[in-house]
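If you read the sequence from its start, that first residue is 1, and numbering goes on from there.
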Amino acid sequence: MSDITEKINPLLQIDTGFRSYLNAYTRSYQNHMVDGSLDYAYESDFAVRQKIMGLGGSGKLFKAVNSQDISAEAKHLFMKCNQVGPLKYPEIYDIVKKCAERLELIVPIVFIREDMDRALAYSIASDLIEPCIVLSKQLVDMCSMDELTLLIGCECGRIQNNHCTYNMAYTYLNVNKNVYRPVERSYNQAVGSQLYSALVQWVRYGDITANRAGMICLDKPGRYLDLMTSIYNKGYVDFYGRGQKDIDFPALNLKSQEIHASASRSLKADALLTEIERYLLASSEFLYCQTLYSWRSDVEDIEKHAESGQICDVRTSVIIGNGGQS
């Protein structure tokens, strides 16, 4: 028996699964894990993704996305796009390194796409390729360095929280004409109504997690609302096809302060808020959360008495409009 054991190739015992790969892709990953997800992640984000994986039709859709769509996207990027590095787009490379350091990631691959006629940032990752962040040349030209830091930080957060496959699956829903269209679409079946609704619901929650990651990456997290409204007001249309050019930052900032001053039991958000304004306000609640300052010990707590992550999530749920439910 011992002779047989000695002849087994030890390399076969290595776990090559994607989840294990992503865990290895971080340095202090375990220090920020709570019940299977990162401590800064919005709880409803993880809960709804778990629900999605149990819905009929999700297996086939995600298999097509992982094995074909993302691979085709990566092939296009490596063949047609410029890769960011110390000599090419060095300013962006420095931003990526800073974001990776603050989120405790190995520096991801970043591409600049010149074959797009819109300002866009997105990320891809699967079992077959290393995580990549993609920025269109139009976005790079449009945004300031601080704005790019926020958007790149958001995409690092999507990579870190395994959002990429869900984002690519969302492109099959045809929610609006501006949703990103991948290089290849291999899934040719109709998406069931339950899966459709769950993915649309998840996008709102995934946004919260990604924006929290972006805040962690900013030199001054308190500028989050200012920077994000500026990006949208410049004509930015996000991966999901949403845009809004008339966001009044002073009014939204005042609304954010009013909301935070409200006790949790009496908290409510204005019904007249647009979808984008609502998610920006919900995301900005993280500025008052202890978790932000556990990631960024160099940043001073705004009010000297930050709320717990659990309370932050409850308040976020009320603002985003799910009544505290996932």
Side-chain angles (χ1 to χ4, degrees), residues 22 25-29 31-33 37-42 45 84-86 89-112 119-125 130-136 139-140 142-164 167 206-232 236 238-239 279-280 282-302 306 309 312 316:
L22 281 182
Y25 206 74
T26 60
R27 291 195 292 273
S28 302
Y29 194 83
N31 295 339
H32 292 284
M33 291 294 293
S37 64
L38 282 158
D39 56 3
Y40 72 80
Y42 178 39
D45 166 17
V84 168
Y89 296 102
E91 299 91 351
I92 296 177
Y93 184 67
D94 288 341
I95 290 174
V96 176
K97 288 196 300 180
K98 178 168 62 177
C99 291
E101 179 180 356
R102 286 176 174 169
L103 286 173
E104 301 175 1
L105 284 167
I106 292 175
V107 180
I109 299 169
V110 180
F111 291 100
I112 306 297
L120 184 67
Y122 67 99
S123 49
I124 60 171
E130 291 188 23
C132 304
I133 294 173
V134 186
L135 309 173
S136 70
L139 180 76
V140 173
M142 181 184 81
C143 291
S144 68
M145 291 297 105
D146 285 338
E147 290 167 350
L148 285 174
T149 300
L150 176 54
L151 292 176
I152 290 170
C154 289
E155 295 309 319
C156 285
R158 294 194 184 281
I159 289 171
Q160 196 172 37
N161 288 276
N162 310 316
H163 285 183
C164 303
N167 278 339
D207 268 340
I208 303 296
T209 296
N211 278 260
R212 288 176 176 183
M215 279 180 242
I216 291 171
C217 293
L218 286 173
D219 290 338
K220 297 180 179 179
R223 292 199 63 207
Y224 161 76
L225 207 54
D226 179 17
L227 292 171
M228 194 59 87
T229 53
S230 173
I231 292 168
Y232 276 108
Y236 178 66
D238 64 21
F239 184 90
Y279 103 72
L280 292 179
S283 297
S284 65
E285 187 68 23
F286 188 61
L287 293 172
Y288 306 96
C289 182
Q290 293 171 358
T291 307
L292 170 60
Y293 304 102
S294 73
W295 284 85
R296 291 293 304 280
S297 57
D298 60 314
V299 174
E300 187 175 357
D301 176 3
I302 292 177
C312 180
T316 298

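Between the Ser297 side chain and the Ser294 main chain, no donor and acceptor come within less than 3.5 Å of each other. Formation of a donor-acceptor pair under 3.5 Å by the Thr149 side chain with backbone atoms of Met145 is found in this model. Between the side chain of Arg212 and the backbone N or O of Gly157, no donor-acceptor pair lies under 3.5 Å. Judged by distance alone, with hydrogens and angles left aside, the side-chain atoms of Glu130 form no donor-acceptor pair with the main-chain N or O of Ile109 at under 3.5 Å. Between the side chain of Ser136 and the backbone N or O of Leu120, at least one donor-acceptor pair lies under 3.5 Å.
Side-chain contact check for Cys312 versus Thr291: every heavy-atom pair is 4.5 Å or farther apart. You'll find the side chain of Met215 reaches within 4.5 Å of the side chain of Ser283, heavy atoms only. Within the 4.5 Å cutoff, no side-chain heavy atoms of Tyr40 are placed close to those of Leu292. Counting heavy atoms from C-beta outward, Asn211 and Tyr279 have side chains that approach closer than 4.5 Å. A heavy-atom distance below 4.5 Å is not found between the side chains of Phe286 and Thr316. Within the 4.5 Å cutoff, side-chain heavy atoms of Val96 are placed close to those of Pro108. With a 4.5 Å cut-off on side-chain heavy atoms, Leu280 and Ser284 do not count as touching. The side-chain heavy atoms of Ile159 and Cys164, taken from C-beta on, include a pair separated by under 4.5 Å.
Atom SG of Cys156 is separated from atom CD of Glu104 by 12.5 Å, given to the nearest 0.5 angstrom. Atoms OG and CG, on Ser123 and Leu151 in that order, are 11.5 Å from each other to the nearest 0.5 Å. Between the CZ atom of Phe111 and the CD1 atom of Ile124 there is a distance of 7.5 Å, given to the nearest 0.5 Å. Between the CG atom of Asn162 and the CG atom of Asn167 there is a distance of 11.5 Å, given to the nearest 0.5 Å.
Classification of the Tyr122-Phe239 ring pair by plane angle, with boundaries at 30° and 60°, yields tilted.
Salt-bridge formation is detected for the pair Asp219/Arg102: a Lys NZ or Arg NE/NH1/NH2 atom is positioned less than 4.0 Å from an Asp or Glu carboxylate oxygen.
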(request) For the pair Arg158 and Glu155, evaluate side chain to side chain contact (heavy atoms under 4.5 Å, CB included) and give the outcome as yes or no after the intermediate values. (result) CA-CA 5 Å; Arg158 294 194 184 281; Glu155 295 309 319; 3.5 Å; yes
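There is no side-chain donor-acceptor pair under 3.5 Å between Tyr236 and Glu147.
Looking at every heavy atom in both residues, Ala121 comes nearest to Leu139 through CB-CD2, 3.7 Å. Across every non-hydrogen atom of Arg223 and Asp146, the tightest pair is NH1-OD2, 2.8 Å. For the pair Gln160 and Leu103, the tightest heavy-atom approach, listed with the atom from each and the gap, is NE2-O, 2.8 Å. Minimum heavy-atom separation, Ile133 to Ile152: CD1-O, 4.0 Å. The two residues Gly309 and Cys289 make their nearest non-hydrogen contact at CA-SG, 3.7 Å. Taking both residues in full, the closest heavy atoms of Leu218 and Arg296 are given as O-NH1, 2.5 Å, listed atom of the first, atom of the second, then distance.
Evaluated for a side chain to side chain donor-acceptor pair (under 3.5 Å) with His163, the options Asp45, Asp207, Thr209 yield exactly one hit, Asp45.
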